[in-house]
Amino acid sequence: MGHLVEENLESVRQLMELACQASGRKKEDVKLLLATKTVPLEKLKIAIQAGETLFGENKAQELLGKFPLMQQYNQVEWHFIGHLQTNKVKDVVKYVKLIHSVDRLRLGQALHHQLLKENKTMDILVQINTSYEESKFGAPPEAALELVEQLSQFETLNIKGLMTIGKLNASNDETRHCFRLLKQIQAQIMVEKFPSVEMDTLSMGMSGDFKVAIEEGATIIRVGTSVFGQRYLPDRYYWNENARQND
Ligand SMILES: *Cc1c(COP(=O)(O)O)cnc(C)c1O
């Protein structure tokens with residue numbers, strides 16, 4: 001089992017390097033974040049021992065379950081990549097370095113509130129639904145500029161860039177279109193020069209499409225299955241419609 005995670009990691013790293021070469025980018029400019037939903041601690045330990053330091057969780061509850069690892073390995077940086085309900089903000093800001101999935105003003109307000117209480121700041125990305133699929137979270141592309149402007153008023157939030165999930169099970173052209181759109185939105189926002197908005201980070205690309213994402217300018221790719229194997233829960237469980245409503 002251990003060997004498998006290591007071998008998978010090695011091949012993902014090689015593919016990343018090839019994609020960087022092919023698109024004239026430096027490999028240091030693209031980070032690998034391991035998406036760890038449903039993955040048991042033993043497998044995560046193997047990845048850490050193989051040198052990985054960036055992990056992303058989708059649910060506050062599972063994040064808390066990874067606490068033993070957080071104490072044991074302080075070189076590891078935890079990110080939050082899932083749909084964040086406002087009532088879970090407290091747990092999440094305690095443990096993560098970057099939240100990839102800020103997609104609405106209300107969530108920004110809730111974060112700001114909590115961060116003020118704790119007298120700290122938080123790095124965030126704004127999630128955009130570039131595929132316009134109902135089943136995914138993220139602000140509509142047309143609303144991105146306004147949302148970033150509104151979020152930039154909260155002095156506790158450092159807006160570092162954008163995140164998207166490309167269209168799944170689609171052709172390379174369709175996914176490429178999603179990633180290009182994110183890059184265009186990034187450019188539009190940069191022109192505005194909003195205070196405390198940096199826009200250097202583009203979190204895009206997963207197991208099935210990270211090569212295309214790197215070609216289109218990803219600076220963080222989020223990979224689960226290619227490293228840890230198939231998950232026993234469908235992604236619907238993490239990206240479902242009900243979660244959207246009860247927030
Ligand atoms: C699960 C997940 C990933 C990784 O997906 P894989 O296809 O397993 O690589 C990336 N981003 C988000 C938001 C996820 O929930």
Side-chain angles (χ1 to χ4, degrees), residues 4-5 7-16 19 30-40 43-44 46-47 52 54-63 65-66 77-85 88 92 96-104 107 123-139 160-172 174-175 178-179 182 201-214 216 218-244 247:
L4 199 53
V5 169
E7 279 168 29
N8 290 345
L9 256 178
E10 202 40 56
S11 75
V12 167
R13 288 171 183 155
Q14 274 171 18
L15 290 169
M16 287 175 72
V30 185
K31 290 188 198 156
L32 173 61
L33 174 140
L34 296 178
T36 56
K37 54 179 179 272
T38 78
V39 178
K43 282 194 183 183
L44 300 191
I46 296 166
E52 292 306 316
L54 218 51
F55 293 87
E57 268 297 327
N58 286 69
K59 283 186 180 280
Q61 220 173 320
E62 283 189 51
L63 181 69
K66 263 75 179 198
E77 195 174 297
W78 292 86
H79 292 188
F80 195 81
I81 62 175
H83 177 66
L84 180 51
Q85 288 171 265
K88 297 287 162 51
V92 168
V96 306
K97 174 76 174 54
L98 177 67
I99 300 172
H100 292 227
S101 45
V102 178
D103 60 357
R104 59 207 190 280
L107 175 58
D123 294 348
I124 64 162
L125 305 178
V126 177
Q127 182 176 356
I128 310 294
N129 184 2
T130 54
S131 66
Y132 293 92
E133 284 170 292
E134 269 296 308
S135 56
K136 281 190 241 133
F137 300 106
K160 298 287 185 187
L162 303 174
M163 181 272 229
T164 201
I165 299 174
K167 191 164 184 189
L168 301 171
N169 307 314
S171 69
N172 272 358
E174 283 177 297
T175 15
C178 296
F179 300 146
L182 198 69
T201 301
L202 286 184
S203 167
M204 57 189 195
M206 310 184 2
S207 289
D209 54 21
F210 69 80
K211 178 176 174 284
V212 177
I214 291 172
E216 296 301 327
T219 65
I220 303 180
I221 61 168
R222 309 175 309 268
V223 176
T225 315
S226 292
V227 170
F228 299 117
Q230 286 298 327
R231 288 179 285 274
Y232 60 85
L233 283 169
D235 285 349
R236 251 181 299 117
Y237 174 72
Y238 290 91
W239 301 346
N240 72 20
E241 282 299 293
N242 297 335
R244 191 193 298 265
D247 142 85

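All residue numbers refer to positions in the sequence shown, counting from 1. Please read these numbers as outputs of a predicted model, since none were measured by experiment. In each ligand, atom 1 is the first atom listed, and ligand 1 is the first ligand listed.
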For this session: Report yes or no: does R231 have a heavy atom closer than 4.0 Å to ligand 1?
Result: yes

Exercise. Which atom pair, heavy atoms only, marks the closest approach of G82 to S101?
Worked result: O-OG, 2.6 Å

Problem set entry | Minimal non-hydrogen separation, A47 against L34, with atom names | CB-CD1, 3.7 Å

For this session: Supply the atom-to-atom distance M163 CE to M204 CE, rounded to the nearest 0.5 angstrom.
Result: 12.0 Å

Exercise. Should G208 be counted as touching ligand 1, given the test is an N or O pair under 3.5 Å?
Worked result: no

Exercise. Ligand 1 and T225, any nitrogen or oxygen pair closer than 3.5 angstrom?
Worked result: yes

Exercise. Looking at atom 13 (C) of ligand 1, what's its closest protein heavy atom, distance included?
Worked result: I81 O, 3.5 Å

Exercise. Considering only the protein, which heavy-atom contact is closest to atom 5 (O) of ligand 1, and what is its distance?
Worked result: M206 CE, 3.3 Å

Can you sort out which atoms of ligand 1 are near [X], meaning under 4.0 Å from one of its heavy atoms?
X    : answer
K37  : 1 (C), 2 (C), 3 (C), 14 (C), 15 (O)
N58  : 14 (C), 15 (O)
S207 : 6 (P), 7 (O), 8 (O), 9 (O)
V223 : 9 (O)
R222 : 4 (C), 9 (O), 10 (C), 11 (N), 12 (C), 13 (C)

Any heavy-atom pair between the side chains of [Y] and [X] that's under 4.5 Å?
X    : Y    : result
E133 : K167 : yes
L98  : I220 : yes
T225 : Q230 : yes
T175 : E216 : no

